[in-house]
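These notes are about the structure you will find just below.
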Amino acid sequence: MTDTREDLIAAAREAAARAYAPYSGFHVGAALLLKNGDVVTGANVENASYGLTLCAETTAVAKIANEGWIGELAEVAIVGGRPDGGALLGSDPVNPCGRCRQILNEAAERSKVDILVHCASGDGTAVKSYRLSELLPAAFGPKDLGMIE
Ligand code: THU
């Protein structure tokens, strides 16, 4: 259970420690807050065939979809940076890539929430929060296929 932006960022930071990112050396964690207060996390999973890399947000959304919770999303936090011992370096907030914005939109539309996305820097000094509609305006999603009343 969690109830603050800081808790959600802390969960994303813990997830980043489980990234498999030997090629970029850039560890990203995503934490999805569900409507019932539960938190589901994901981290990036890279591949020797670089283009097959899965981003942290994508692995986290896949987890909730597979559990039947795609319509339960409330809020998201993302943290990324280069590991340095147990810490993450980097003072700029990590923004979700374009593909991840679209993947988050699937869950957000299904959840009927214009979710807040908290983007945090690795070193924890900077956080910027956005509505998903700011990050992905005029989105194409399930509503365009008549899937949402
Ligand atoms: N990455 C994410 O996990 N999420 C994003 O939204 C941006 C990028 C990962 C992919 C790759 O493993 C590493 O960050 C460097 O691009």
Side-chain angles (χ1 to χ4, degrees), residues 2 4-35 38-144:
T2 186
T4 68
R5 180 177 88 155
E6 283 63 39
D7 288 342
L8 203 57
I9 291 169
R13 182 178 303 286
E14 278 178 31
R18 297 187 288 275
Y20 172 71
Y23 305 107
S24 72
F26 195 77
H27 290 198
V28 183
L32 310 185
L33 176 66
L34 305 184
K35 290 174 183 173
D38 285 353
V39 173
V40 175
T41 61
N44 49 334
V45 179
E46 297 188 344
N47 191 278
S49 179
Y50 295 173
L52 299 183
T53 289
L54 300 175
C55 288
E57 303 90 314
T58 297
T59 63
V61 171
K63 282 167 75 172
I64 66 166
N66 282 172
E67 296 292 348
W69 303 332
I70 191 108
E72 300 302 318
L73 184 60
E75 207 164 310
V76 173
I78 303 163
V79 178
R82 297 190 181 278
D84 179 37
L88 280 181
L89 300 179
S91 52
D92 291 326
V94 169
N95 299 319
C97 79
R99 183 173 186 264
C100 287
R101 293 175 196 207
Q102 181 68 26
I103 284 173
L104 287 169
N105 184 69
E106 186 76 19
E109 276 193 27
R110 288 287 186 177
S111 304
K112 297 191 169 76
V113 180
D114 187 10
I115 55 168
L116 273 172
V117 181
H118 307 295
C119 304
S121 63
D123 68 6
T125 59
V127 182
K128 273 210 76 171
S129 298
Y130 304 91
R131 291 280 170 192
L132 185 61
S133 59
E134 292 179 77
L135 296 173
L136 190 69
F140 177 83
K143 67 177 179 339
D144 296 291

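Everything quoted here is computed from the prediction, not taken from an experiment. All residue numbers refer to positions in the sequence shown, counting from 1. In listed order, ligands and their atoms are each counted from 1.
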- So is there a nitrogen or oxygen of Cys97 less than 3.5 Å from a nitrogen or oxygen in ligand 1? yes

- Task: Look up atom 16 (O) of ligand 1 and tell me if a protein heavy atom lies less than 4.0 Å from it?
- Result: no

- Task: Tell me which protein heavy atom sits closest to atom 1 (N) of ligand 1, plus the residue, atom name and distance to 0.1 Å.
- Result: Cys55 SG, 3.6 Å

- Query: What's the shortest distance from atom 10 (C) of ligand 1 to any protein heavy atom, and which residue and atom give it?
  - Reply: Thr53 CG2, 3.8 Å

- Gap separating the CD1 atom of Ile64 from the CZ atom of Arg110, nearest 0.5 angstrom: 12.0 Å

Side chains of residues 82-93: which donor-acceptor partners sit under 3.5 Å, not counting sequence neighbours?
{"residue": "Arg82", "atom": "NH1", "partner": "Ser24", "partner atom": "O", "Å": "2.7"}

- Message: For the 3.5 Å polar cut-off, considering only N or O atoms, please tell me whether Ala56 and ligand 1 meet it.
- Response: yes

- Counting each atom of ligand 1 from 1 as listed, which ones have a heavy atom of Pro96 under 4.0 Å away? 6 (O)

- Partner of Pro96 by side chain to side chain contact (heavy atoms under 4.5 Å, CB included), out of Ile78, Val28, Val76, Thr58: Ile78

- Query: Any side-chain heavy atom of Val61 sitting closer than 4.5 Å to one from Glu106?
  - Reply: no

- So do Glu57 and Ile103 actually touch side chain to side chain, heavy atoms under 4.5 Å? no

- Decide whether an N or O pair under 3.5 Å exists between Glu46 and ligand 1. yes

- Message: With a 4.0 Å cut-off on heavy atoms, is Ala21 in contact with ligand 1?
- Response: no

- Message: Return the closest protein heavy atom for atom 9 (C) of ligand 1 as residue, atom name and distance.
- Response: Asn44 ND2, 3.6 Å

- Tell me: protein heavy atom nearest atom 6 (O) of ligand 1, and distance? Glu57 OE2, 2.6 Å

Distance-only donor-acceptor pairs under 3.5 Å for side chains of residues 132-139, two or more places apart:
{"residue": "Ser133", "atom": "OG", "partner": "Asp114", "partner atom": "OD1", "Å": "3.3"}
{"residue": "Ser133", "atom": "OG", "partner": "Asp114", "partner atom": "OD2", "Å": "2.6"}
{"residue": "Glu134", "atom": "OE2", "partner": "Arg131", "partner atom": "N", "Å": "2.9"}

- Message: In the structure I gave you, are the side-chain heavy atoms of Lys63 and Thr41 within less than 4.5 Å of one another anywhere?
- Response: yes

